[in-house]
Amino acid sequence: MARSFRTRLTLLGSATALAAGALAPVQLLGAQPAAAASYEWVALGDSYTAGVIQAAGDVFEVPRDGCERTDRSYPQAIDRDLGALIELTNVSCGGATIEDVTFRAQSPIGRNVPGSEDPDYPFPPVPPQSEAVNAGTDVITVGVGGNTLGFGEILFKCLELGSGSEGAGTPCKDAFAESVPGRLAKVGTDYDAMLAKLHEKAPKAKILSVGYPTVIPKETSKCRYNDFHQFGPITPGDLDWLRQDVLEPLNKAIEKSTGTQDTATFVNLADSTQKHSVCDTSKWVEGVLDSDNKLALVHPNTYGHRNAADHVTVAILNAISAN
């Protein structure tokens, strides 16, 4: 797709300025020439992309499809920031696995609104997310892998096994450690297949693989045992194991797979969120419960999505300036 020389310079300058600065929220509405509105961006991913929890905004789509995309998730934040520069198609969906992105229809996680008769419920399966991608797509962002790993399953079991332990031992590690290498291998295999499929469907698109933020701090002494605004009864030993042997390797598996695809780039969110874990005072990820005692199940809040938006915006601007 032809781009004007002025547009390319404007985009490259924007990306350079953002990368060199403190990643403040981008305000580019109306700052781009009209010709730049032809860039097409498709956002794919799981609940860490879709938003899902109340602390990440309100579910905004009418009619609902059950994927629980929220209005302060990072794709929606970027869409507001960049204005007419890019047309967003956001098909991220809470609970999505890598296979749900690549080829499989997904049963969405949404439930009937309590105390009401929601006309959109029950929700039918949503198509594989890759169907939103086509030859005209310029940028694809994808944040997925945690559900393929089975992090939710592991988290719930850690809560169950830690209950009554008074913080002693590593009952969750003892239950799951043997299975983790195989789970990580599946993440890598499925991610490779997904990237190949996305490149096949959109050969000119730049693919941005968005990693997961830091959830558990290196200093697990920050985490209060049995505090459900953090990790509830998960033991300190299991938190160390989850960080070192599950979550950090998950990001490494995604980054490794991304490195095999010439048109793909890994967007690292872990480094920028090191001091904003579930157990930090300035948290960008909620614990089992949020501050309003709503279920959050260890998902990013609006601050976490804002941080993701800032980093993904830089990657998007760099990607389209190179087209």
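Only heavy atoms go into these numbers, but all of them, side chains included; no hydrogens, no water, no symmetry mates.
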Stepwise side-chain contact (heavy atoms from CB on, under 4.5 Å) test for Thr220 and Cys279: CA-CA 8 Å; Thr220 50; Cys279 301; over 6 Å; no
Can you tell me how far NZ of Lys275 sits from OG1 of Thr281, rounded to the nearest 0.5 angstrom? 12.0 Å
With rounding to the nearest 0.5 angstrom, report the OG to CD1 distance, Ser73 to Ile53. 11.5 Å
Consider ring pair (Phe, Tyr, Trp, His ring centres under 6.0 Å). Of Trp284, Phe151, Tyr48, which one does His299 pass it with? Tyr48
Do Asp190 and Thr148 meet the criterion of a side-chain donor-acceptor pair at a distance under 3.5 Å? no
I'd like to know whether CZ of Arg183 has more than 12 heavy-atom contacts from other residues, nucleotides or ligands below 6.0 angstrom. yes
Once you round to the nearest 0.5 Å, how far does OG1 of Thr214 lie from CD of Gln274? 4.0 Å
In terms of side-chain geometry, is the basic nitrogen of Asp280 or Lys283 positioned less than 4.0 Å from the acidic oxygen of its partner? no
Side chains of Pro213 and Asn307, heavy atoms from C-beta outward: is any pair under 4.5 Å? no
Report yes if the side chains of Thr313 and Tyr74 come closer than 4.5 Å at any heavy-atom pair, otherwise no. no
Does a side-chain N-to-carboxylate-O contact under 4.0 Å join Glu99 and Lys186? yes
Could you state the interatomic distance from CD (Gln129) to CG (Asp100), rounded to the nearest 0.5 Å? 7.0 Å
Could you tell me which non-hydrogen atom of Ile254 sits nearest to which non-hydrogen atom of Val144, and how far apart they are? CD1-O, 3.5 Å
Evaluate Val312 against Thr141 for side-chain contact (heavy atoms from CB on, under 4.5 Å), listing each step before the verdict. CA-CA 8 Å; Val312 174; Thr141 59; 3.9 Å; yes
So, for Glu40 and Ile86, which heavy atoms are closest and what is the spacing to 0.1 Å? C-CG2, 4.4 Å
For His199, which residues count as a ring-ring contact (aromatic ring centres under 6.0 Å, His included) partner, sequence neighbours excluded? none
Chi angles and distances behind the side-chain contact (heavy atoms from CB on, under 4.5 Å) call for Tyr303, Ser282: CA-CA 9 Å; Tyr303 298 105; Ser282 176; over 6 Å; no
Can you get from Trp241 to Val187 by hopping between Ile, Leu, Val, Met, Phe, Trp and Tyr side chains that sit under 4.5 Å apart? yes
Indicate whether any N or O donor in one side chain lies under 3.5 Å from an N or O acceptor in the other, for Thr49 and Ser92. no
Using every non-hydrogen atom in the two residues, find where Thr263 and Lys206 come nearest and quote the distance to one decimal. O-CD, 3.1 Å
Heavy-atom distance under 4.5 Å between the side chains of Thr265 and Ile207, does that happen here? no
Check the surroundings of atom NZ in Lys222: do more than 12 heavy atoms from other residues, nucleotides or ligands lie under 6.0 Å from it? yes
Exceeds 12 heavy-atom contacts within 6.0 angstrom, atom CZ of Phe156: no
Give the cluster check for Ile140 versus Tyr191: same hydrophobic cluster or not, with ILVMFWY residues linked at side-chain heavy-atom distances below 4.5 Å. yes
Under a 3.5 Å cutoff, is there a donor and acceptor pairing between the side chains of Thr235 and Tyr225? no
Which heavy atom of Asp71 sits nearest a heavy atom of Phe60, and at what distance? N-CD2, 3.5 Å
Co-membership, hydrophobic cluster, residues Val278 and Leu239, 4.5 Å side-chain: yes
Any donor-acceptor N or O pair under 3.5 Å, side chains Glu286, Asn301: yes
Can Lys252 and Glu255 be counted as an ion pair, charged N to O under 4.0 angstrom? no
Shortest non-hydrogen contact from Leu161 toward Pro171: CD1-O, 3.5 Å
Same cluster or not: Leu184 versus Leu195, using hydrophobic residues (I, L, V, M, F, W, Y) connected whenever any side-chain heavy atoms lie under 4.5 Å apart? yes
Taking side chain as C-beta onward, heavy atoms only, is Pro236 less than 4.5 Å from Ser221? no
When every non-hydrogen atom of Leu297 is compared with those of Leu155, the smallest separation belongs to O-CD2, 4.2 Å
Within one Ile-Leu-Val-Met-Phe-Trp-Tyr cluster: Leu88 and Val91, side-chain cutoff 4.5 Å: no
May I ask you to test the Thr273-Val285 pair for a side-chain heavy-atom distance under 4.5 Å? no
Please determine whether a side-chain nitrogen of the Lys or Arg among Asp81 and Arg306 lies less than 4.0 Å from a carboxylate oxygen of the Asp or Glu. yes
Rounded distance (nearest 0.5 Å) linking atom CG of Leu289 with atom NE2 of His229: 5.5 Å
Do Asp192 and Thr189 get their side chains close enough for a donor-acceptor pair, meaning under 3.5 Å? no
Under the criterion side-chain contact (heavy atoms from CB on, under 4.5 Å), I'd like the reasoning laid out for Leu247 against Ile216: C-alpha separation, chi angles, the key distance, then a yes or no. CA-CA 9 Å; Leu247 296 176; Ile216 302 169; 3.9 Å; yes
Distance col, row Met194:CE vs Leu198:CG, nearest 0.5 angstrom, shows 5.5 Å
What do you reckon, is NZ of Lys157 surrounded by more than 12 foreign heavy atoms closer than 6.0 Å? no
